[in-house]
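Have a look at the structure below, then the notes.
Letters A, B, ... are given to chains in the order of the sequence lines, protein chains preceding strands, and every chain is numbered from 1.
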2 protein chains.
Amino acid sequence: MEAVPRKTTIREVAQAASVGIGTISRVLNSSSQVSRETRARVLEAIRRLGFRPNAQARRILKRRTEMVCFLLSNRDFLHPFHARILQGVESYATSLKQHVLFAALHYSPRTPPDRIDLPPVLQEHGLIDGLILAGTIYPNLLRRIESIRMPFVAFSNNVVGMGEEQQYDQVGFDDFNGTLQATRHLIGKGHRQIVFAGDISYPWLHHRFEGYRQGMREHKLKPALILARNAQSFVDFGQKSAGRILSRRPRPTAVVAGNDEIAYGLWRSLRQQAIKVPDDISVVGFDDREEALLMDPQLSTVRVHKEEIGETCMKMLLERLHHPHMAFSQRILPTEFVIRGTVCHL
Amino acid sequence: MEAVPRKTTIREVAQAASVGIGTISRVLNSSSQVSRETRARVLEAIRRLGFRPNAQARRILKRRTEMVCFLLSNRDFLHPFHARILQGVESYATSLKQHVLFAALHYSPRTPPDRIDLPPVLQEHGLIDGLILAGTIYPNLLRRIESIRMPFVAFSNNVVGMGEEQQYDQVGFDDFNGTLQATRHLIGKGHRQIVFAGDISYPWLHHRFEGYRQGMREHKLKPALILARNAQSFVDFGQKSAGRILSRRPRPTAVVAGNDEIAYGLWRSLRQQAIKVPDDISVVGFDDREEALLMDPQLSTVRVHKEEIGETCMKMLLERLHHPHMAFSQRILPTEFVIRGTVCHL
DNA sequence: ATAGGGTGTGGAACCAGTTCCAAGGGTTAT
DNA sequence: ATAACCCTTGGAACTGGTTCCACACCCTAT
């Protein structure tokens with residue numbers, strides 16, 4: 001590997017501006033103890049020499065890298081949902097001159113914590129200050145991160161199997177109230193036979209199911225859960241659940257889908273059977289993903305503010321870095337029901 | 001901000017193992033000049049003290065950060081297409097113990113190069129070794145990056161207005177041959193009245209149009225370009241182009257859409273008018289995005305290997321870093337026509 | 001005239017690694 | 001016995017910033 005040409009250093013700048021190296025440092029860090037004329041002379045020298053300070057050297061002393069890692073776990077690819085969380089992290093981070101490293105990790109929930117093979121960023125120290133965990137998070141990963149004492153914030157909706165003890169910082173959105181609102185909306189439109197379609201072995205779908213149950217209970221309606229066997233994907237789940245929904249008696253007039261992909265699959269399958277949405281049956285989704293707008297009519301669904309989740313994660317991580325001994329906190333961001341075209345008035 | 005606890009240093013390890021600091025460094029870098037017993041004693045001390053070397057300190061001397069930046073320009077959000085390129089970059093980078101920083105940038109093509117406000121990563125030096133440019137790339141951005149002498153590789157399909165001089169490294173995929181293959185496929189299935197739908201003011205759509213033209217020319221068929229006015233998005237463009245396609249005489253039997261979103265909009269609009277795809281009219285797309293699989297029947301389209309683009313960008317950037325004076329290179333990755341359900345045999 | 005205070009500045013020491021040279025010790029060749 | 005050589009090893013010097021202490025200088029108060 002060829003040598004990288006040496007760059008200008010503060011010593012050279014100091015010489016060029018006829019000042020000491022300390023003064024250069026003071027100008028760079030805009031600590032005010034520099035006279036106007038000296039500052040001007042230094043800035044001129046910096047400009048003339050094209051000097052850009054070396055970030056590495058500063059960090060040794062500061063013991064801060066101003067860099068955080070966005071770690072995406074167990075996702076085959078960077079779904080739009082997580083991509084937008086990442087963008088939220090990035091834009092907020094950039095506004096505070098923090099940098100965001102992107103890394104992916106694949107691990108099994110059954111691997112013992114100390115045998116999880118972390119990405120290289122987490123193996124050295126002094127590379128990042130903290131971590132934002134996204135993707136599916138199992139307890140063994142949390143244990144592992146704790147063992148290397150890396151401060152972190154978890155996107156909590158995809159945390160699996162952690163019980164109720166919350167010994168870490170987390171940011172999530174409100175699954176429960178999302179479907180609760182959606183269910184209330186359907187009831188308000190006169191629907192009574194409302195079913196929920198989704199695989200509630202996923203904790204987040206379970207929370208959504210609970211919101212739906214609560215909505216039904218409020219009006220003394222009987223909740224019903226529709227499952228599909230051997231679904232290959234959420235879209236497939238939606239398609240496969242169509243038959244089960246249509247064969248129920250009395251026939252449901254509305255479906256609360258566990259997410260937009262299920263709603264999409266359901267919609268497609270209904271359309272093939274010449275059942276009209278919303279005239280014959282109403283459908284609502286959850287997440288407000290791209291699919292919601294691609295449907296025809298567009299899907300009424302629960303909006304999740306993905307960028308805001310990212311921003312909040314970053315904000316909370318920075319607080320943690322500034323106050324390592326602060327109590328752990330948990331933030332649940334509100335969700336919002338978006339009325340589009342897939343719900344009819346009975 | 002509270003102080004970060006001091007970590008173990010090589011000097012402490014050296015003391016614990018009763019050797020000199022040089023020896024610790026030699027063990028860490030597995031340069032062979034260390035006797036077996038000494039190495040064992042050092043490794044034992046490292047383990048006992050839980051020593052992890054500080055990445056920052058090493059980098060000052062090595063003048064390499066083993067970090068690259070993926071810079072996404074002028075995108076409102078991280079589309080699945082670019083998200084997958086990023087994943088390709090990340091997975092290849094990780095396998096070589098390189099790190100990937102994610103940053104976004106919004107700029108106008110009319111801003112003078114020296115007034116483009118680069119993200120913080122590019123303002124300091126010693127933070128990253130090189131850059132991968134994705135998103136829409138205008139000449140002023142390229143000039144700006146060149147001016148700070150940061151080695152870079154550009155994802156070339158979205159480069160706008162650069163003429164033919166290629167004074168930088170680039171990786172792209174083959175727009176021209178993609179539609180050429182798609183067009184040949186349609187002709188092979190007996191289609192003769194084939195139109196192209198897309199806004200060719202985008203350079204990449206123009207290249208696709210040229211591929212279509214070439215395919216038509218090979219069989220002495222007359223090409224036709226369908227445009228739509230005031231389209232809000234590609235999907236909208238597809239929807240609006242449906243009317244213009246159907247009103248042509250003789251009526252086209254097949255449409256080459258500039259991308260999958262246009263194909264999706266077109267499909268949706270045709271369906272609303274009870275025109276069947278592919279029975280009444282065949283449609284092919286380009287990109288093989290998620291939408292292609294959400295259509296019914298699934299869209300025949302041109303597949304682009306997005307992860308491979310990312311991997312190739314990373315590979316090329318590393319070559320550039322190892323050989324700064326190497327001639328610039330340009331790689332065009334092949335595309336591949338995927339047969340699904342939207343083309344019928346005439 | 002002298003003491004006291006604040007401001008501005010220079011530069012040694014420092015951070016946590018790497019590099020390189022000198023030197024110790026053992027082995028083999030003359 | 002001496003020279004020549006190789007293998008290990010220690011540690012000073014170095015990288016490029018930040019920090020902090022000492023000190024010069026000016027202004028005001030006694």
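Of the candidate nucleotides C:dT9, D:dT9, D:dG16, C:dT9 has the atom nearest to the side chain of A:Thr38.
Residues that satisfy the ring pair (Phe, Tyr, Trp, His ring centres under 6.0 Å) test with A:Phe155, not counting sequence neighbours, are A:His82. Under the ring pair (Phe, Tyr, Trp, His ring centres under 6.0 Å) criterion, A:His106 pairs with no residue at all, not counting sequence neighbours.
For the pair A:Asn54 CG and C:dG17 C1', the computed distance is 14 Å after rounding to whole Å. Rounded to whole Å, atom P of D:dA13 lies 16 Å from atom CG of B:Leu61. Rounding to whole angstrom units, NE2 of residue A:His125 and P of C:dC15 are separated by 14 Å. The CD1-C1' distance, from A:Ile60 to D:dT18, rounds to 11 Å in whole Å. Atom NZ of A:Lys62 and atom C1' of D:dC20 are 14 Å apart (whole Å). Rounded to whole Å, the distance from CD1 on A:Ile21 to P on D:dC20 is 14 Å. We find that CD1 of B:Ile10 is positioned 16 Å from P of D:dT9, with the value rounded to whole Å. Distance CD1 (B:Ile24) to P (D:dG11): 12 Å, rounded to an integer number of Å.
Taking 4.0 angstrom as the limit, B:Ser25 places none of its side-chain polar atoms (N or O) nearer than this to OP1 or OP2 of C:dG17. Side-chain N/O atoms of A:Ser35 include one lying less than 4.0 angstrom from OP1 or OP2 on C:dT9. Remark: A:Thr9 is not in phosphate contact with D:dG16, judged by side-chain N or O atoms under 4.0 Å from OP1 or OP2.
Ion pairing between a basic and an acidic side chain is recognised when a charged N comes within 4.0 Å of a carboxylate O; A:Arg41 and A:Glu44 show no such pairing.
Sequence neighbours left out, not one pair with a member in residues 102-112 of chain B passes salt bridge (Lys or Arg N to Asp or Glu O under 4.0 Å). The stretch residues 83-94 of chain B participates, sequence neighbours left out, in these salt bridge (Lys or Arg N to Asp or Glu O under 4.0 Å) pairs: B:Arg84-B:Glu307.
Recorded end-axis angle for the helix from C:dA1-D:dT30 to C:dT30-D:dA1 stands at 60°, based on five pairs per end and rounded to 10 degrees.
Between A:Tyr138 and A:Tyr107, the angle of the ring planes goes over 60°, which puts this pair in the perpendicular group of the 30/60° scheme.
When each of B:Gly22 and A:Phe51 is assigned the nucleotide of DNA chain D with its nearest heavy atom, B:Gly22 is the one assigned upstream, toward the 5' end. Toward the 5′ end of DNA chain C lies the nearest nucleotide of A:Arg36, the other residue of the pair A:Arg36 and A:Arg11 mapping further downstream.
Side-chain N/O atoms of B:Arg26 and base N/O atoms of D:dG10 include a donor-acceptor pair closer than 3.5 Å.
Enclosure of atom CG in B:Asp114 by more than 12 non-hydrogen atoms of other residues, nucleotides or ligands within 6.0 angstrom is indicated.
A donor and an acceptor atom, one from each side chain of A:Asn158 and A:Thr136, are nowhere located under 3.5 Å apart.
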Which atoms of nucleotides 23-28 of chain D (N or O only) lie under 3.5 Å from a protein N or O atom, and what are those distances?
none

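In this structure the side chain of A:Leu142 reaches within 4.5 angstrom of the side chain of A:Leu133, judged on heavy atoms.
Separation of atoms CG (B:Leu127) and CZ (B:Arg59) is listed at 9.0 Å; rounding is to 0.5 Å.
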